[in-house]
2 protein chains.
Amino acid sequence: MKQHGAAHSAQRLEQMISKLREQSFRLTPQRLAVLEILAASEGHPTVAEIYEAVRARFPTTSLATVYKTVILLKELGEVLELGFPDGSNRYDGSRPQPHPHIICTACRRIMDPELSSIEHLNEEIAQKTGYTIQHHRLDFFGLCPACRARR
Amino acid sequence: MKQHGAAHSAQRLEQMISKLREQSFRLTPQRLAVLEILAASEGHPTVAEIYEAVRARFPTTSLATVYKTVILLKELGEVLELGFPDGSNRYDGSRPQPHPHIICTACRRIMDPELSSIEHLNEEIAQKTGYTIQHHRLDFFGLCPACRARR
DNA sequence: CTTCATGCAAAACATTTGCAGCTGG
DNA sequence: CCAGCTGCAAATGTTTTGCATGAAG
């Protein structure tokens with residue numbers, strides 16, 4: 001269901017670094033640490049989680065810097081921001097293109113399901129509404145098998 | 001593309017009132033004002049907008065009460081909450097069931113497009129992942145015809 | 001009458017900003 | 001070197017909470 005972890009992660013990291021260099025952004029150790037965390041993230045970490053992970057590797061990093069870096073990467077299209085109604089924001093640096101998510105409403109875990117027929121929707125909408133579609137967001141909410149069993 | 005405004009709005013208001021009575025929640029003037037605004041809302045107002053609209057009719061209402069009422073209605077399933085990555089929350093009291101939205105990234109207007117093949121997706125996901133799907137969220141982002149012309 | 005709801009102000013959060021000092025290229 | 005980045009702390013903005021008062025049922 002997902003690409004091979006380590007290889008994909010290394011590739012993502014390279015891609016992010018290139019993008020920064022391309023646009024003459026500096027590669028500071030703090031930034032690099034954030035990039036590595038995001039590129040390697042299998043889950044969908046919050047800023048606070050990224051901050052903790054970065055600190056383990058580079059202890060003087062500040063929360064503000066993590067925010068600034070994440071925002072920068074988002075603007076460069078190298079990270080996908082997922083905001084939820086409860087105000088929590090999560091980030092996906094592993095797959096920065098929009099893709100569906102499925103969120104367990106009990107354990108709050110987020111997964112990336114495969115789903116074929118979505119690109120189709122963009123076209124249908126464009127045609128019916130006359131809008132130029134830039135991107136979309138599709139989330140499913142429900143109980144994962146483990147949490148369902150636990151009830 | 002949408003139900004007839006006034007009739008549908010009145011019907012939604014009745015439905016909300018019934019739901020509150022059913023569960024023995026009190027019908028205060030402040031609540032009623034919020035219900036009316038939400039039931040009649042063609043757009044997708046923010047809490048601040050609801051607050052303003054309610055104040056026009058019932059000037060002593062506090063922001064906290066609007067929040068509490070909106071949260072109550074959300075829990076009763078009578079209002080749909082739409083959170084966005086920028087932290088803004090919007091509410092749809094006119095159609096409380098999940099439905100797709102299309103958001104213009106220039107003028108920020110939100111519309112409700114018709115789209116046939118969504119229920120189908122719930123099933124496909126349930127089958128592929130083993131989750132019990134409770135609800136979903138589908139948003140499209142793009143330029144509306146007016147904003148595109150303006151470029 | 002007896003809750004439950006309201007309104008106020010303070011608290012709680014998450015995120016952003018201003019700025020002095022540091023540092024990558 | 002010096003523009004851009006960092007870290008700190010303060011500011012911001014939104015939503016939540018505690019509690020005394022008021023009113024719905």
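In what follows, chains carry the letters A, B, and so on, assigned in the order in which the sequence lines appear, proteins first and then strands, with residues in each chain numbered from 1.
At least one donor-acceptor pair under 3.5 Å links the side chain of A/Lys19 to the backbone N or O of A/Leu76. At distances below 3.5 Å, at least one donor-acceptor pair connects side-chain atoms of A/Arg12 with backbone N or O atoms of A/Glu78. Side-chain atoms of A/Thr46 come within 3.5 Å of backbone N or O of A/Glu49 as a donor-acceptor pair. Formation of a donor-acceptor pair under 3.5 Å by the A/Arg137 side chain with backbone atoms of A/Gly83 is found in this model. Here the side chain of B/Arg148 pairs a donor or acceptor atom with the backbone of A/Gly130 at under 3.5 angstrom.
For the pair A/Tyr67 OH and D/dG7 C1', the interatomic distance rounds to 15 Å; values are reported in whole Å. Atom-to-atom, CG of B/Leu72 to P of D/dT15 comes out at 17 Å; the value is rounded to the nearest Å. Atom P of nucleotide D/dC5 and atom CG of A/Leu63 are separated by 18 Å, given to the nearest angstrom. Between the CG atom of A/Leu32 and the P atom of D/dC5 there is a distance of 14 Å, given to the nearest Å.
No more than 12 heavy atoms of other residues, nucleotides or ligands sit less than 6.0 Å from atom CD of B/Gln127.
Nearest-nucleotide positions on DNA chain D place A/Lys68 closer to the 5' end than the other of B/Lys74 and A/Lys68.
Boundaries of the chain B contact region on DNA chain C are C/dT3 to C/dC8, first to last in 5' to 3' order (nucleotide atom under 4.0 Å from a heavy atom).
Residues from residues 13-31 of chain A placing a heavy atom under 4.0 Å of any atom in DNA chain C, listed by number, are A/Arg26, A/Leu27.
Remark: A/Thr65 engages A/Gln30, A/Thr61, A/Ser62, A/Thr69 in a side-chain contact (heavy atoms from CB on, under 4.5 Å) (not counting sequence neighbours).
In this structure, A/Phe140 and B/His136 have tilted ring planes: the angle between them lies in the 30° to 60° band.
Using a 4.0 Å heavy-atom distance criterion, B/Ser88 is classed as making no nucleic acid contact.
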